[in-house]
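One structure below.
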Amino acid sequence: MKSGKTNLTGLALAVAMGGFLLGFDATVISGVVPFIQQYFALNGVAGSLRLGWAVSCLGWGAMAGNLAAGFLSDRYGRRAVLRLTAVLFMASALLASTATSFTVFVMARICGGLGVGAAILTAPVYIAEIAPANRRGGLVSLNQLMIVIGISVSFFSNYLLVGLGADSWRWMLGVQAVPASLFLVLLSTVPESPRWLLDKGRSSQALSVLTSLHGASAAQQVLAEIQQSLRAAASTVRIRNVFTARLRFVLLFGVGIAFFQQITGINAIFYYLPTIFAQAGGGLATALGRAALVGLVNVAMTLVAIRLIDRLGRRPLLLVGVSGMAIALLTISWAFHAAPATPGTVPLVNAQLVLFAIITFVACFAISLGPVMWVMLAEIFPNEERAAAISVVGFWNSLVSASVTLIFPSELTRFGPAVTFLGYGLMAVAGLLFLAFHAPETKGRTLEELERTLLRTSPG
Ligand code: BGC
């Protein structure tokens with residue numbers, strides 16, 4: 001048998017292919033926007049709204065995926081849900097890339113959204129459930145790493161495919177079927193989560209998975225700890241169990257951090273990146289090239305976060321990163337404000353400032369709210385309610401993301417980029433205060449220890 005370490009990283013990476021696919025699926029739209037605007041004639045005020053719908057419908061689908069994920073992964077296991085997401089990503093890629101009507105296009109994207117919503121919750125839960133405490137932050141962040149690699153690859157592939165002419169958007173969407181099939185194959189090598197197996201009373205299977213992950217002696221101890229934490233809680237998981245006084249503190253924190261992750265505009269920036277760069281001047285190919293650069297920065301800084309998260313802890317990353325996000329967003333607002341709002345007329349120096357500030361914003365997000373939120377969500381909830389609680393918070397996260405990306409084109413049309421980014425900047429300041437006062441440090445403690453201490457801080 002291979003060493004536990006190799007096994008764990010390999011396993012986490014295989015599962016994190018779900019993260020790759022969801023990152024790809026979400027941001028591939030940024031290159032598609034300029035084409036579908038023409039193809040489906042999305043012009044004027046009504047057109048802005050329809051464009052917002054075409055882009056954000058993935059997020060609305062993701063909300064349904066979030067809700068279903070908790071229930072399905074408790075009932076059928078984490079692995080079955082991950083398989084389902086692979087199929088959804090494949091179907092979405094094939095349907096969206098061949099769509100000839102706006103309705104079919106939207107339905108295909110909603111289908112991908114279901115996969116996004118289910119994968120974004122199930123992959124980190126699975127990884128947290130197989131990881132030992134001292135490596136959990138880094139291993140769960142692998143999922144975020146794969147999300148940002150997916151995002152980056154989509155920016156690159158859009159950049160490479162844009163030369164194919166009017167139909168290039170179909171290729172941009174269609175290529176995703178390839179990694180989706182690979183994910184399905186990889187999942188056949190992944191064992192079921194030992195914590196889920198134990199919860200279902202399948203202790204001998206759980207023990208054999210734990211033994212292969214941690215070695216025989218550690219496996220017994222982990223098994224006993226999980227059993228104890230499962231025994232302490234009720235046996236059926238329902239969404240309503242999440243809304244009890246026992247979970248109040250961790251739930252409010254989860255809802256808060258999920259809100260600030262999205263209301264500060266990350267997905268408005270990612271899904272409309274070439275459109276934003278176009279507002280600052282330059283052609284489509286230049287804008288797609290700049291988007292690819294932003295994608296690379298996102299990947300590099302996520303790697304930095306993975307190195308630091310189990311050493312420095314979650315709080316320092318959050319506080320430093322969100323401060324940088326606030327400064328960058330206010331700078332973007334100022335750069336647009338100081339220049340006329342008509343597309344293409346922003347002076348070069350301001351256009352470069354916008355690019356620089358967007359890169360800074362993405363870098364700061366990538367060492368803070370991006371990975372740290374998902375790591376903490378997988379940590380703060382008790383074993384028994386983890387999947388359901390993450391469903392609720394993930395649903396909320398998708399709701400905020402879908403709303404932000406739905407209204408972004410209309411905001412740009414009505415208020416212009418300066419006011420839009422000022423709003424995100426102020427939200428980042430509010431987020432910083434929230435995190436400074438409420439974020440617990442979860443570094444280096446077992447899930448079971450966290451369960452004992454964090455729940456004790458809840459009132460009631
Ligand atoms: C967020 C996504 C976002 C991504 C960007 C994730 O943590 O949940 O909404 O698109 O980071 O890197």
Side-chain angles (χ1 to χ4, degrees), residues 16 18-30 55-56 58-63 65-66 69 112-113 115-125 127 137 140-155 254-273 291-306 309 314 317-318 321-322 325 328 358-378 390-391 393-406 408 424 431:
F20 175 93
L21 284 163
L22 80 88
F24 187 101
D25 198 34
T27 39
V28 68
I29 198 74
S30 66
V55 173
S56 70
L58 176 112
W60 304 106
M63 285 156 55
N66 292 154
V116 168
I120 206 162
L121 302 187
T122 314
V125 164
I127 300 171
V140 176
S141 310
L142 279 183
N143 189 53
Q144 177 71 15
L145 176 67
M146 292 297 275
I147 295 181
V148 298
I149 291 180
I151 291 174
S152 193
V153 170
S154 81
F155 284 143
V255 164
I257 192 171
F259 175 74
F260 286 112
Q261 196 207 43
Q262 294 300 334
I263 202 72
T264 41
I266 185 69
N267 286 334
I269 291 186
F270 273 147
Y271 298 176
Y272 296 97
L273 204 47
L293 176 67
V294 173
L296 275 184
V297 170
N298 196 16
V299 173
M301 292 309 281
T302 304
L303 282 169
V304 172
I306 291 178
I309 194 163
R314 291 42 166 166
L317 289 184
L318 283 174
V322 178
M325 285 167 60
I358 284 188
I359 289 181
T360 308
F361 169 78
V362 170
C364 292
F365 178 89
I367 56 154
S368 62
L369 280 176
V372 179
M373 184 201 81
W374 290 112
V375 169
M376 291 186 78
L377 290 186
I390 293 185
S391 275
V393 178
F395 177 81
W396 168 239
N397 182 262
S398 300
L399 176 65
V400 182
S401 166
S403 310
V404 167
T405 53
L406 173 69
F408 184 75
Y424 295 150

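Starting from 1, each residue takes its place in the sequence as its number. We count ligands from 1, going down the list as the structure has it; atoms in each ligand are counted the same way.
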*Could you pull out the closest heavy-atom pair between V153 and F20, with the gap in Å?*
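Scanning both residues, the minimum pair turns out to be CG2-CE1, 3.9 Å.
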*Which atom names give the shortest non-hydrogen contact between G295 and S152, and what distance separates them?*
C-OG, 3.3 Å
*Is any side-chain heavy atom of W60 less than 4.5 Å from a side-chain heavy atom of S403?*
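A side-chain contact under 4.5 Å exists here.
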*Side chains of V362 and M301: does their closest heavy-atom pair fall under 4.5 Å?*
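No, side chains not in contact.
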*Could you name the protein residues that come within less than 4.0 Å of ligand 1, counting only heavy atoms, and order them by chain and residue number?*
Q144, V148, I151, Q261, Q262, N267, F270, N298, F365, G370, W374
*Identify which one of I120, I257, V125 satisfies the side chain to side chain contact (heavy atoms under 4.5 Å, CB included) criterion when paired with W374.*
I120
*Return the orientation label for the F270 and F155 ring planes: parallel under 30°, perpendicular over 60°, tilted otherwise.*
tilted
